[in-house]
Amino acid sequence: MVTRQSQLFIPTLRADPADAEAVSHKLLVRGGYIRQVSAGVWTFLPLGWRVHQKVVQIIREEMNAIGGQEMLMPVLTPFELWQQSGRDYIAEIFRLQDRNGREYVLPMTHEETVTFHAKEIASYRQLPQILYHFSIKERDEPRSRGGLLRLREFIMKDAYSFDRDEAGLDESFRKNERAYHNMLERLEIEFHYVDAESGMMGGKESKDFLAPAASGENTLVTCEQCDYAADLEIATGIPRSPDFPASLDRPEDVETPGVTTIEALADFLRVDAAATSKAMPVVKPDGTLVLGLVRGDDRLEEAKMATALGSDFRPATDDEIREAFGADGGSLGPVGFSGEIVADETLHDGQFVAGANRTGWHLKGVQAGRDFEPRFADLRQPREGDRCPRCGGALHFQTAIEIGHIFKFGARYSEPFGATFLDEDGKEKPLVGGSYGIGPARVMAAVVEQHHDERGIVWPSSIAPYEIHVLALHGGSEEVLAIAEAVADDFSGTGRDVLLDDRDERPGEKFADADLIGAPLRVTVGRKSLEDDSVDLRTRAAAEDDRVGVRDVPKWVSER
RNA sequence: CGGGGCGUAGCUCAGCCUGGUAGAGCGCCCGCUUUGGGAGCGGGAGGUCGUGGGUUCAGAUCCCGCCGCCCCGACCA
């Protein structure tokens, strides 16, 4: 069936929408793929939904190929399930009540629900299992953004594996890992498979699939020499060594009036900023104040700090700082502080300048282990100029979109839910699980970010809404239109998705819309070439016409 | 939640500072001409100026509240 553009709802826009920033946001809106309903809430128009469905189908095929079983779990979920898992505190979950006051959540993930069902697995003979579904997720995002990049409502494929032990989980994990690699290759996404934070999901092995893109929200760290790759939040880098001044036998006071920043301090004392330390007082949820210490030229990575503390934290307020240190922020240091101190590894050796806990004063020659006793942890955020922790090569930083996340959650959910099975040895054991998510909408955004030019989208044929776009430049000629229809029919007879632009519009407009919509192949049927019994063919990527005899069109197309 | 910006026709915007009967371009409808990179001419439709209140003879314009959207930060599979 040839689809006639004259009858479709494809509202293309000549100008960029005023509120768009990201390329994928602009092009998907301009191309008539998506429209916004409210912040982070979008409609997929017919064209957008076709792409979404194609992405879904590829994901589905790869999940089925590893033995995944598709099902569908509800969006509306009793709040008790989330209380049972202990995730009821999460601020991002939407909550609501029915008319009788019964409480529900609109969840952003389905570990609770799937584990509720997994309670029916009674024997090791029924394991392993891989269950998945595509369903609508809701997240009360404090801040959605960028078209499809960060949504409050979206469809996600989430899969869950259940195994009898860690070894089994590992095998299931590898299967899903492989499925993800296969699907992303078919989607023609450039991606990196990296170590990641498991975040609020709670898990052990945690991996991200990051697609480099200008408007990504994650930062991907890669090595220019070896295959080291990690999300910035957990990446490690080796910084340059500081240029230390002469060592001192004991810390020495130095007056630093009005000096509150590291740059000013380094400048004032004429020392390398890397030979100073920076104090970050934070407060844990239980109210304990902990001092984080990093090198003066480094930034504290908050995800790492949270890992080191084993809990959330917030920056201490000015009042808390004054009470605990007797000094203002800007003059804080570890010497004399009685609470817990967590110091970055870079402070292990050498003597650093530190705040003196006396406003307007610093200490020179402060040495860990001699002048204060910290716990060491990796706290610093890597940055440009660092070397690779594996091979010493240069590290490269780029923004990226997190399109998939897979992680092991072990017995995190099966224990509170009592989802146990009887093992071969006659013992009752909790199911060992893993979770595997990917968002088709983010995939679409990532593909557009990676495949576009100044005129529009350049879809890979695997997910293009239509593979072939036939433009009829009939200009009132029934004859030209008839030939265009015949050409379109031929393609569609070979099982291709064909869009025929039979609209009564001028050529320029058809070309512009075709470029914007981005079908991989374009056939232009017009008087000009028909004089030689030919049509003009081009790939969207190359954007240059080949004049081909009407009879040779199928051959030309099959060669692309 | 903190900071910044914006809200006027379907879209992109001007008008607001300095109050006086709401505009442009594109799009849309009709007619004629035109037809290989967003055409030309003629005619036409379309707006509670986000919303509520206040000041004023008079408010898109000034003042106050609220709502919505975007960006940065916080936060975040």
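Just so it is clear: chains get the letters A, B, ... in the order the sequence lines come, proteins before strands, and each one is counted from 1. Please read all numbers here as calculations on a predicted model, not as lab measurements.
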Mind checking what makes side-chain contact (heavy atoms from CB on, under 4.5 Å) contact with A/Gln381, not counting sequence neighbours?
-> A/Leu232, A/Arg299, A/Glu301
Residues which pass side-chain contact (heavy atoms from CB on, under 4.5 Å) with A/His452, listed by chain and number, not counting sequence neighbours = A/Val23, A/Leu27
Does CZ in A/Arg314 sit with more than 12 non-hydrogen atoms of other residues, nucleotides or ligands closer than 6.0 Å?
-> yes
Report, as yes or no, whether the 6.0 Å neighbourhood of atom CG on A/Asp504 holds more than 12 heavy atoms from other residues, nucleotides or ligands.
-> no
Give the rounded distance in Å between these two atoms: [atom1] of [X] and [atom2] of [N].
X        : N     : atom1 : atom2 : answer
A/Arg30  : B/G38 : CZ    : C1'   : 11 Å
A/Asp504 : B/U34 : CG    : P     : 14 Å
A/Lys207 : B/A77 : NZ    : P     : 18 Å
A/Asn218 : B/A77 : CG    : P     : 11 Å
A/Leu473 : B/G37 : CG    : P     : 9 Å

Approximate separation, where rounding is to 0.5 Å, of A/Asp163 CG and A/Gln129 CD | 9.5 Å
Please round to the nearest 0.5 Å and tell me the distance separating atom CG of A/Leu499 and atom CD of A/Glu467.
->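 Separation between the atoms: 12.0 Å.
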I'd like the [atom1] distance from [M] over to [N], given in whole Å.
N     : M     : atom1 : value
B/U61 : B/U18 : C1'   : 10 Å
B/G38 : B/C28 : P     : 16 Å
B/A45 : B/G10 : C1'   : 13 Å
B/G47 : B/U8  : C1'   : 8 Å
B/C6  : B/G50 : P     : 13 Å
B/C62 : B/G19 : C1'   : 8 Å

Pick the nucleotide of RNA chain B nearest each of A/Leu13 and A/His474; which residue has the one closer to the 5' end?
->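 The residue whose closest nucleotide sits nearer the 5' end is A/His474.
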With nearest nucleotides of RNA chain B determined for A/Thr12 and A/Gly439 from heavy-atom distances, which residue corresponds to the more 5′ nucleotide?
-> A/Thr12
Side-chain donor-acceptor pair under 3.5 Å between A/Asp286 and A/Thr288, yes or no?
->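 Present: a donor and an acceptor within the cut-off.
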The criterion is ring pair (Phe, Tyr, Trp, His ring centres under 6.0 Å); which residues satisfy it with [X], sequence neighbours excluded?
X        : answer
A/Tyr160 : none
A/His110 : A/His133
A/Tyr180 : A/Phe209

Sequence neighbours left out, what passes salt bridge (charged side-chain N to carboxylate O under 4.0 Å, His left out) with [X]? Give chain and number order.
X        : value
A/Glu103 : A/Arg95
A/Lys137 : A/Asp158
A/Lys510 : A/Asp501

Does any N or O in the side chain of A/Ser529 come within less than 3.5 Å of the main-chain N or O of A/Ser534, such that one atom is a donor and the other an acceptor?
-> yes
Check for a donor-acceptor pair, side chain of A/Glu320 on one end and backbone N or O of A/Thr317 on the other, with a separation under 3.5 Å.
->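 Yes, the answer is positive, given that a donor and an acceptor are paired below the 3.5 Å cut-off.
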Students often get this wrong, so: under 4.0 angstrom with heavy atoms, is [X] touching a base, only sugar-phosphate, or nothing?
X        : result
A/Gly508 : sugar-phosphate
A/Arg503 : nothing
A/Phe209 : nothing
A/Asp515 : base
A/Arg455 : base
A/Pro17  : sugar-phosphate
A/Asp513 : base

[X] side chain: which of [options] is closest?
X        : options             : answer
A/Glu92  : B/C75, B/G37, B/G36 : B/C75
A/Arg538 : B/A77, B/G37, B/G36 : B/G37
A/Ala15  : B/C11, B/A77, B/U34 : B/C11
A/Arg139 : B/A77, B/A74, B/G38 : B/A77

Paired with B/C41: which nucleotide, if any, by Watson-Crick or G-U wobble criteria at under 3.5 Å for both distances?
-> B/G31
Watson-Crick or G-U wobble partner of B/G68, both distances under 3.5 Å = B/C6
From CA spacing to verdict: side-chain hydrogen bond (donor to acceptor under 3.5 Å, both in side chains), A/Glu111, A/Ser85 | CA-CA 9 Å; A/Glu111 279 84 2; A/Ser85 68; over 6 Å; no
Selection: residues 300-310 of chain A, any non-hydrogen atom under 4.0 Å of RNA chain B =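 Nucleic-acid contacts, sorted: A/Glu302.
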Contacts to RNA chain B from residues 523-536 of chain A, heavy-atom cutoff under 4.0 Å, which residues?
-> A/Thr524, A/Gly526, A/Lys528, A/Ser529, A/Asp536
Between the protein and nucleotides 66-71 of chain B, which nitrogen or oxygen pairs are less than 3.5 angstrom apart?
{"residue": "B/C69", "atom": "OP1", "partner": "A/Ala39", "partner atom": "N", "Å": "2.8"}
{"residue": "B/C70", "atom": "OP1", "partner": "A/Gln36", "partner atom": "NE2", "Å": "2.9"}
{"residue": "B/C71", "atom": "OP1", "partner": "A/Gly146", "partner atom": "N", "Å": "3.4"}

Would you tabulate the pairs of protein nitrogen or oxygen atoms and nucleotide nitrogen or oxygen atoms of nucleotides 22-33 of chain B closer than 3.5 angstrom?
{"residue": "B/C26", "atom": "O2'", "partner": "A/Arg14", "partner atom": "NE", "Å": "3.3"}

